[in-house]
Amino acid sequence: MSIYLLQIINGIGIGMLYFLMAVGLSIVFGLLGFVNFAHGAFFLLGAYFCFQFGELGLDFWWTLLLAPLSVGAFAWLAEKILLRHIYQLPHEFHIVFTVGVALVLQEAVILQWGVLGHNIAMPALLQGIVILGDFVYPIYRLFVIGFTAAMALLLWWLLDGTRLGAIVRAGSESTEMVSLLGVNINRIFSLVFALGAVTAGMAGVLAAPIRGVEPFMGIEALGIAFVVVVIGGMGSFWGALAGGLLVGIVQSLMSTIWPEGAHLMIYIAMAAVMLLRPNGLFGRSGKNE
(Lines give C-alpha, C1' and ligand atoms only; values in the text may rest on other atoms or scores of the structure.)
Protein backbone atom coordinates (compact mmCIF):
# COMPACT_ATOMS: atom_id res chain seq x y z
CA MET A 1 0.00 0.00 0.00
CA SER A 2 2.87 2.38 0.70
CA ILE A 3 4.04 1.90 -2.90
CA TYR A 4 0.61 2.80 -4.27
CA LEU A 5 0.36 5.78 -1.93
CA LEU A 6 3.75 6.95 -3.19
CA GLN A 7 2.59 6.58 -6.79
CA ILE A 8 -0.64 8.47 -6.13
CA ILE A 9 1.32 11.38 -4.63
CA ASN A 10 3.73 11.16 -7.57
CA GLY A 11 0.71 11.26 -9.86
CA ILE A 12 -0.62 14.38 -8.16
CA GLY A 13 2.73 16.12 -8.66
CA ILE A 14 2.96 15.04 -12.30
CA GLY A 15 -0.70 15.92 -12.82
CA MET A 16 -0.20 19.45 -11.52
CA LEU A 17 2.66 19.92 -13.98
CA TYR A 18 0.37 18.64 -16.73
CA PHE A 19 -2.23 21.16 -15.56
CA LEU A 20 0.26 24.02 -15.91
CA MET A 21 1.16 22.77 -19.39
CA ALA A 22 -2.47 22.45 -20.51
CA VAL A 23 -4.31 25.33 -18.85
CA GLY A 24 -2.85 27.96 -21.17
CA LEU A 25 -3.69 25.87 -24.22
CA SER A 26 -7.26 25.48 -22.96
CA ILE A 27 -7.77 29.17 -22.14
CA VAL A 28 -6.32 30.31 -25.46
CA PHE A 29 -8.64 27.99 -27.35
CA GLY A 30 -11.61 29.11 -25.27
CA LEU A 31 -10.99 32.81 -25.95
CA LEU A 32 -9.46 32.80 -29.43
CA GLY A 33 -10.69 29.53 -30.91
CA PHE A 34 -7.02 29.10 -31.83
CA VAL A 35 -5.43 25.65 -32.08
CA ASN A 36 -1.82 26.18 -30.98
CA PHE A 37 0.45 23.27 -31.83
CA ALA A 38 3.45 25.40 -30.80
CA HIS A 39 2.38 25.25 -27.15
CA GLY A 40 4.76 22.38 -26.37
CA ALA A 41 7.63 24.57 -27.61
CA PHE A 42 6.90 27.03 -24.77
CA PHE A 43 7.41 24.17 -22.31
CA LEU A 44 10.67 23.35 -24.11
CA LEU A 45 11.86 26.96 -23.97
CA GLY A 46 11.05 27.21 -20.27
CA ALA A 47 13.17 24.15 -19.54
CA TYR A 48 16.11 25.37 -21.64
CA PHE A 49 15.95 28.90 -20.24
CA CYS A 50 16.17 27.25 -16.82
CA PHE A 51 19.31 25.45 -17.97
CA GLN A 52 20.81 28.58 -19.54
CA PHE A 53 20.16 30.83 -16.54
CA GLY A 54 21.76 28.18 -14.34
CA GLU A 55 24.81 28.19 -16.61
CA LEU A 56 24.98 31.97 -16.18
CA GLY A 57 25.14 31.56 -12.42
CA LEU A 58 21.57 32.45 -11.42
CA ASP A 59 20.06 30.34 -8.67
CA PHE A 60 16.89 28.31 -9.13
CA TRP A 61 14.60 30.87 -7.51
CA TRP A 62 15.56 33.63 -9.91
CA THR A 63 15.26 31.15 -12.76
CA LEU A 64 11.76 30.16 -11.64
CA LEU A 65 10.79 33.82 -12.00
CA LEU A 66 12.75 34.90 -15.06
CA ALA A 67 12.45 31.86 -17.34
CA PRO A 68 8.61 31.80 -17.53
CA LEU A 69 8.54 35.59 -17.97
CA SER A 70 11.05 35.27 -20.82
CA VAL A 71 8.87 32.64 -22.48
CA GLY A 72 5.83 34.87 -22.01
CA ALA A 73 7.62 37.85 -23.56
CA PHE A 74 8.65 35.73 -26.55
CA ALA A 75 5.07 34.44 -26.97
CA TRP A 76 3.68 37.98 -26.72
CA LEU A 77 5.95 39.11 -29.57
CA ALA A 78 5.18 36.02 -31.65
CA GLU A 79 1.44 36.61 -31.22
CA LYS A 80 1.70 40.26 -32.25
CA ILE A 81 4.02 39.71 -35.21
CA LEU A 82 2.84 36.36 -36.58
CA LEU A 83 -0.05 34.52 -35.01
CA ARG A 84 -2.77 37.17 -34.84
CA HIS A 85 -2.82 37.32 -38.63
CA ILE A 86 -4.17 33.76 -38.91
CA TYR A 87 -6.85 33.77 -36.19
CA GLN A 88 -9.65 34.12 -38.73
CA LEU A 89 -8.39 31.29 -40.90
CA PRO A 90 -9.69 27.69 -40.57
CA HIS A 91 -8.20 25.44 -37.89
CA GLU A 92 -6.21 23.54 -40.52
CA PHE A 93 -4.13 26.69 -41.12
CA HIS A 94 -3.64 27.11 -37.35
CA ILE A 95 -2.27 23.57 -37.13
CA VAL A 96 0.07 23.80 -40.12
CA PHE A 97 1.42 27.23 -39.15
CA THR A 98 1.99 26.47 -35.46
CA VAL A 99 3.55 23.09 -36.20
CA GLY A 100 6.01 24.99 -38.38
CA VAL A 101 6.70 27.45 -35.55
CA ALA A 102 7.26 24.56 -33.13
CA LEU A 103 9.74 22.87 -35.50
CA VAL A 104 11.65 26.13 -36.01
CA LEU A 105 11.94 26.62 -32.24
CA GLN A 106 13.02 23.01 -31.74
CA GLU A 107 15.76 23.36 -34.35
CA ALA A 108 16.83 26.68 -32.80
CA VAL A 109 17.21 24.90 -29.45
CA ILE A 110 19.36 22.22 -31.10
CA LEU A 111 21.54 24.85 -32.78
CA GLN A 112 22.02 26.76 -29.54
CA TRP A 113 22.34 23.96 -26.96
CA GLY A 114 23.03 20.81 -28.98
CA VAL A 115 21.08 17.64 -29.58
CA LEU A 116 22.18 15.93 -26.37
CA GLY A 117 20.28 16.39 -23.12
CA HIS A 118 21.49 18.12 -19.98
CA ASN A 119 20.87 17.52 -16.29
CA ILE A 120 19.84 20.32 -13.97
CA ALA A 121 20.65 20.23 -10.28
CA MET A 122 17.87 20.68 -7.78
CA PRO A 123 18.20 23.74 -5.50
CA ALA A 124 20.11 22.96 -2.32
CA LEU A 125 17.16 23.95 -0.15
CA LEU A 126 14.95 21.33 -1.79
CA GLN A 127 17.37 18.42 -1.89
CA GLY A 128 16.86 15.40 0.34
CA ILE A 129 13.83 13.43 1.43
CA VAL A 130 10.99 13.54 3.95
CA ILE A 131 10.57 10.47 6.16
CA LEU A 132 7.23 9.86 7.90
CA GLY A 133 7.26 6.33 9.29
CA ASP A 134 7.46 4.02 6.29
CA PHE A 135 6.74 6.87 3.90
CA VAL A 136 9.75 8.40 2.13
CA TYR A 137 9.36 11.15 -0.46
CA PRO A 138 11.67 13.69 -2.14
CA ILE A 139 11.39 17.25 -0.83
CA TYR A 140 11.57 18.74 -4.32
CA ARG A 141 8.50 16.82 -5.51
CA LEU A 142 6.56 18.00 -2.45
CA PHE A 143 7.59 21.53 -3.35
CA VAL A 144 6.32 21.02 -6.91
CA ILE A 145 2.93 19.91 -5.59
CA GLY A 146 2.66 22.87 -3.21
CA PHE A 147 3.93 25.45 -5.69
CA THR A 148 1.71 24.31 -8.56
CA ALA A 149 -1.30 24.23 -6.22
CA ALA A 150 -0.54 27.85 -5.28
CA MET A 151 -0.25 28.76 -8.97
CA ALA A 152 -3.59 27.06 -9.65
CA LEU A 153 -5.24 29.17 -6.94
CA LEU A 154 -3.62 32.32 -8.33
CA LEU A 155 -4.81 31.54 -11.85
CA TRP A 156 -8.31 30.78 -10.57
CA TRP A 157 -8.41 34.14 -8.79
CA LEU A 158 -7.09 35.91 -11.88
CA LEU A 159 -9.75 34.34 -14.12
CA ASP A 160 -12.63 34.43 -11.63
CA GLY A 161 -12.00 37.47 -9.46
CA THR A 162 -10.50 40.19 -11.65
CA ARG A 163 -11.69 42.42 -14.48
CA LEU A 164 -9.29 40.68 -16.86
CA GLY A 165 -10.83 37.34 -15.96
CA ALA A 166 -14.35 38.70 -16.53
CA ILE A 167 -13.31 39.96 -19.97
CA VAL A 168 -11.72 36.61 -20.82
CA ARG A 169 -14.86 34.73 -19.77
CA ALA A 170 -17.06 37.10 -21.74
CA GLY A 171 -14.74 36.95 -24.72
CA SER A 172 -14.90 33.16 -24.75
CA GLU A 173 -18.65 33.52 -25.39
CA SER A 174 -18.59 36.45 -27.82
CA THR A 175 -15.53 38.50 -28.78
CA GLU A 176 -17.76 40.82 -30.83
CA MET A 177 -19.81 41.76 -27.77
CA VAL A 178 -16.67 42.51 -25.75
CA SER A 179 -15.30 44.70 -28.56
CA LEU A 180 -18.57 46.65 -28.74
CA LEU A 181 -18.20 47.42 -25.03
CA GLY A 182 -15.02 49.33 -25.80
CA VAL A 183 -12.46 46.70 -24.78
CA ASN A 184 -9.31 46.44 -26.88
CA ILE A 185 -9.78 42.76 -27.66
CA ASN A 186 -6.45 42.46 -29.49
CA ARG A 187 -4.61 43.52 -26.33
CA ILE A 188 -6.56 40.93 -24.34
CA PHE A 189 -5.68 38.28 -26.92
CA SER A 190 -1.99 39.11 -26.55
CA LEU A 191 -2.11 39.06 -22.74
CA VAL A 192 -3.95 35.74 -22.60
CA PHE A 193 -1.63 34.15 -25.13
CA ALA A 194 1.40 35.33 -23.16
CA LEU A 195 -0.15 34.08 -19.90
CA GLY A 196 -0.64 30.64 -21.45
CA ALA A 197 3.00 30.61 -22.51
CA VAL A 198 4.11 31.67 -19.00
CA THR A 199 2.32 28.71 -17.40
CA ALA A 200 3.80 26.29 -19.96
CA GLY A 201 7.27 27.77 -19.42
CA MET A 202 6.84 27.46 -15.65
CA ALA A 203 5.97 23.79 -16.07
CA GLY A 204 9.17 23.36 -18.09
CA VAL A 205 11.26 24.99 -15.34
CA LEU A 206 9.73 22.83 -12.61
CA ALA A 207 10.09 19.64 -14.66
CA ALA A 208 13.72 20.30 -15.66
CA PRO A 209 15.38 19.21 -12.36
CA ILE A 210 13.25 16.03 -12.37
CA ARG A 211 13.79 14.83 -15.94
CA GLY A 212 16.56 17.05 -17.33
CA VAL A 213 16.27 18.89 -20.63
CA GLU A 214 16.46 17.58 -24.19
CA PRO A 215 15.33 19.10 -27.52
CA PHE A 216 12.38 16.77 -28.14
CA MET A 217 10.63 17.15 -24.78
CA GLY A 218 8.25 19.71 -26.26
CA ILE A 219 6.65 17.11 -28.54
CA GLU A 220 5.79 14.86 -25.60
CA ALA A 221 4.53 17.84 -23.61
CA LEU A 222 2.25 18.91 -26.46
CA GLY A 223 0.70 15.45 -26.74
CA ILE A 224 0.04 15.28 -23.00
CA ALA A 225 -1.39 18.82 -22.97
CA PHE A 226 -3.89 17.99 -25.70
CA VAL A 227 -4.94 14.81 -23.90
CA VAL A 228 -5.52 16.81 -20.71
CA VAL A 229 -7.54 19.47 -22.56
CA VAL A 230 -9.66 16.88 -24.36
CA ILE A 231 -10.38 15.03 -21.12
CA GLY A 232 -11.21 18.19 -19.19
CA GLY A 233 -13.03 20.03 -21.97
CA MET A 234 -11.84 22.76 -24.29
CA GLY A 235 -11.75 26.19 -22.69
CA SER A 236 -12.27 25.00 -19.10
CA PHE A 237 -9.90 25.93 -16.27
CA TRP A 238 -11.33 23.29 -13.93
CA GLY A 239 -11.32 20.79 -16.77
CA ALA A 240 -7.58 21.34 -17.26
CA LEU A 241 -7.03 20.80 -13.52
CA ALA A 242 -9.17 17.66 -13.35
CA GLY A 243 -7.72 16.30 -16.59
CA GLY A 244 -4.14 16.91 -15.48
CA LEU A 245 -4.66 15.15 -12.16
CA LEU A 246 -6.46 12.23 -13.81
CA VAL A 247 -3.74 11.74 -16.41
CA GLY A 248 -0.94 12.11 -13.86
CA ILE A 249 -2.41 9.62 -11.38
CA VAL A 250 -3.29 7.07 -14.09
CA GLN A 251 0.21 7.29 -15.57
CA SER A 252 1.91 7.04 -12.18
CA LEU A 253 -0.14 4.08 -10.95
CA MET A 254 0.23 2.22 -14.23
CA SER A 255 4.01 2.67 -14.12
CA THR A 256 3.88 0.30 -11.12
CA ILE A 257 1.09 -2.03 -12.24
CA TRP A 258 1.93 -2.23 -15.96
CA PRO A 259 5.08 -0.21 -16.80
CA GLU A 260 5.01 -1.02 -20.52
CA GLY A 261 1.46 0.31 -20.85
CA ALA A 262 1.71 3.44 -18.70
CA HIS A 263 1.61 5.82 -21.67
CA LEU A 264 -1.02 3.73 -23.44
CA MET A 265 -3.34 4.00 -20.46
CA ILE A 266 -3.35 7.80 -20.79
CA TYR A 267 -5.00 7.51 -24.19
CA ILE A 268 -7.33 4.76 -23.00
CA ALA A 269 -8.47 7.09 -20.21
CA MET A 270 -9.03 9.83 -22.79
CA ALA A 271 -11.06 7.48 -25.00
CA ALA A 272 -13.17 6.39 -22.02
CA VAL A 273 -13.96 10.00 -21.08
CA MET A 274 -14.82 10.87 -24.69
CA LEU A 275 -17.22 7.92 -24.89
CA LEU A 276 -19.01 8.97 -21.71
CA ARG A 277 -18.74 12.75 -22.13
CA PRO A 278 -17.79 13.74 -25.71
CA ASN A 279 -17.31 17.40 -24.70
CA GLY A 280 -14.99 16.52 -21.81
CA LEU A 281 -15.53 16.36 -18.06
CA PHE A 282 -16.52 20.03 -17.83
CA GLY A 283 -18.39 20.23 -21.11
CA ARG A 284 -16.54 22.98 -22.95
CA SER A 285 -15.95 21.81 -26.52
CA GLY A 286 -15.00 25.09 -28.11
CA LYS A 287 -15.44 28.80 -28.44
CA ASN A 288 -18.90 30.35 -28.34
CA GLU A 289 -20.49 27.09 -27.24
Side-chain angles (χ1 to χ4, degrees), residues 11-48 68 71-72 74-75 78-79 83 91 94-95 97-99 101-103 105-106 144 148 151-152 155 192-208 210-211 213-252 262-271 273-274 280-282 284-287:
I12 292 172
I14 295 170
M16 292 302 291
L17 288 177
Y18 289 167
F19 159 73
L20 280 182
M21 285 195 304
V23 66
L25 184 67
S26 183
I27 294 170
V28 166
F29 184 88
L31 177 63
L32 282 68
F34 181 66
V35 183
N36 182 19
F37 271 68
H39 194 74
F42 299 147
F43 174 84
L44 173 68
L45 288 178
Y48 267 94
V71 175
F74 173 83
E79 192 275 341
L83 300 179
H91 289 325
H94 299 176
I95 294 170
F97 192 87
T98 55
V99 165
V101 171
L103 292 175
L105 291 176
Q106 179 178 286
V144 168
T148 50
M151 288 298 101
L155 283 171
V192 170
F193 193 84
L195 177 63
V198 167
T199 59
M202 187 175 294
V205 174
L206 293 170
I210 297 174
R211 57 161 296 171
V213 298
E214 48 89 12
F216 307 104
M217 62 193 298
I219 298 173
E220 179 186 354
L222 177 67
I224 294 292
F226 268 103
V227 169
V228 169
V229 170
V230 169
I231 288 176
M234 287 287 192
S236 171
F237 171 86
W238 294 110
L241 180 59
L245 289 173
L246 176 62
V247 169
I249 291 172
V250 167
Q251 184 180 22
S252 185
H263 284 284
L264 175 63
M265 287 303 298
I266 295 174
Y267 299 99
I268 291 176
M270 179 182 72
V273 170
M274 291 182 68
L281 294 175
F282 284 76
R284 292 292 303 275
S285 62
K287 186 180 177 182

Inset, instruction - Flag the pair Val23 / Leu241 as yes when at least one side-chain heavy-atom distance between them is below 4.5 Å, and no otherwise. - result: no

Inset, instruction - Quick one: closest heavy-atom pair of Ala242 and Leu281, and the distance? - result: CB-CD1, 4.2 Å

Inset, instruction - Please check if the side chain of Ser26 supplies one atom and the backbone of Ala22 the other of a donor-acceptor pair under 3.5 Å. - result: no

Inset, instruction - Please answer whether the main-chain N or O of Ile249 pairs with a side-chain N or O of Ser252 as donor and acceptor at a distance below 3.5 Å. - result: no

Legend entry - Exam field: side chain His39 to backbone Ala221, donor-acceptor pair closer than 3.5 Å: no

Inset, instruction - Could you tell me whether the side chain of Leu155 reaches within less than 4.5 Å of the side chain of Leu195, counting heavy atoms only? - result: yes

Inset, instruction - Compare all side-chain heavy atoms of Met21 with those of Ile224 and state whether any distance is below 4.5 angstrom. - result: yes

Legend entry - Distance (rounded to the nearest 0.5 Å) between Phe37 CZ and Ile95 CD1: 4.5 Å

Legend entry - Gap separating the CG atom of Leu83 from the CZ atom of Phe193, nearest 0.5 angstrom: 4.5 Å

Inset, instruction - Please report the shortest heavy-atom distance between Ile266 and Val247, naming the atom on each side. - result: CG2-CG1, 3.8 Å

Inset, instruction - Would you give the length of the straight line joining atom CG of Leu245 to atom CD1 of Ile231, rounded to the nearest 0.5 angstrom? - result: 11.0 Å

Legend entry - Over all atoms of both residues, closest heavy-atom pair of Val35 and Thr98: O-OG1, 3.7 Å

Inset, instruction - Provide the closest heavy-atom pair for Ala207 versus Phe43 in the form atom of the first, atom of the second, distance. - result: CB-CZ, 4.0 Å

Legend entry - Interatomic spacing from CG in Leu44 to CG in Leu222 - rounded to 0.5 Å: 11.5 Å

Legend entry - Parallel, tilted or perpendicular: rings of His94 and Phe34 (30°, 60°): tilted

Legend entry - Closest non-hydrogen atom pair, Gln106 against Pro215: CG-O, 3.5 Å

Legend entry - Pairwise distance OG1(Thr199) to CG(Leu25) - rounded to 0.5 angstrom: 9.5 Å

Inset, instruction - Report the residues that fulfil side-chain hydrogen bond (donor to acceptor under 3.5 Å, both in side chains) with His263, sequence neighbours left out, ordered by chain and then residue number. - result: none

Inset, instruction - Give the C-alpha distance, both sets of side-chain angles, the deciding distance and a yes or no for side chain to side chain contact (heavy atoms under 4.5 Å, CB included) between Val28 and Val192. - result: CA-CA 7 Å; Val28 166; Val192 170; 4.2 Å; yes

Legend entry - Geometric class of the Phe19/Phe237 ring pair [parallel <30°, tilted 30-60°, perpendicular >60°]: perpendicular

Inset, instruction - Give the minimum heavy-atom separation between Ala75 and Phe42, together with the two atoms involved. - result: CB-CZ, 3.8 Å

Legend entry - Separation of Met151 CE from Leu20 CG (nearest 0.5 Å): 8.5 Å

Legend entry - Beyond-backbone contact of Val229 with Phe29, side-chain heavy atoms, under 4.5 angstrom: no

